[in-house]
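Each residue takes its place number in the sequence, starting with 1.
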Amino acid sequence: MKVIVTLVEKITSSAHIDIPDGLSNSAIKQHITDRYNNGEMQADLNIYQVDFESISALVVKQTGESL
């Protein structure tokens with residue numbers, strides 16, 4: 001028997017990063033976005049919570065197999 005399992009989860013990660021002093025809120029958002037998009041924050045991100053939204057399974061009938 002073959003079963004396809006689909007799992008939907010929400011992962012929350014956190015990172016402690018240094019941001020230059022004196023930046024406006026929009027500049028802070030841009031700084032964080034730029035670091036994330038450049039991959040510079042990937043090593044700093046730590047998963048601290050996983051919420052399972054849903055899980056489902058589909059039984060797939062294989063050739064010559066009866067259900």
> Taking only residues two or more places apart in sequence or in another chain, which ones pass salt bridge (Lys or Arg N to Asp or Glu O under 4.0 Å) with Asp34?
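Applying salt bridge (Lys or Arg N to Asp or Glu O under 4.0 Å) to Asp34 gives none.
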
> Membership question, hydrophobic clusters at under 4.5 Å side-chain separation (ILVMFWY): are Val8 and Val50 in the same one?
no

> State whether the number of non-hydrogen atoms from other residues, nucleotides or ligands found under 6.0 Å of Asn25 atom CG is greater than 12.
no

> For the CD1 atom of Ile11 and the CZ atom of Phe52, what is their distance to the nearest 0.5 Å?
8.5 Å

> State, to 0.1 Å, how close His31 and Asp18 come at their nearest heavy-atom pair, and which atoms those are.
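The pair with the smallest heavy-atom distance is NE2-O, 3.9 Å.
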
> Would you indicate whether the side-chain heavy atoms of Asp44 and Arg35 approach each other to under 4.5 Å?
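They are in contact (side-chain heavy atoms under 4.5 Å apart), so the answer is yes.
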
> Is it the case that one hydrophobic cluster holds both Tyr48 and Met41, taking links as side-chain heavy atoms less than 4.5 Å apart, direct or via other members?
no

> Please enumerate all residues that pass side chain to side chain donor-acceptor pair (under 3.5 Å) together with Gln49, with sequence neighbours excluded.
Asp51

> Is the CD1 atom of Ile47 crowded by more than 12 outside heavy atoms at less than 6.0 Å?
no

> What's the separation between atom NE2 in His16 and atom CG in Asn46, rounded to the nearest 0.5 Å?
7.5 Å

> Side chains of Gln30 and Leu23, heavy atoms from C-beta outward: is any pair under 4.5 Å?
no

> Let me confirm one number: the OG-CG distance from Ser54 to Leu7, rounded to the nearest 0.5 Å.
7.0 Å

> Establish whether Met1 and Val5 are linked, either directly or via other cluster members, by ILVMFWY side-chain heavy-atom contacts under 4.5 Å.
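Met1 clusters together with Val5.
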
> Could you grab the distance from atom CD1 of Ile32 to atom CG of Asn37, nearest 0.5 Å is fine?
12.0 Å

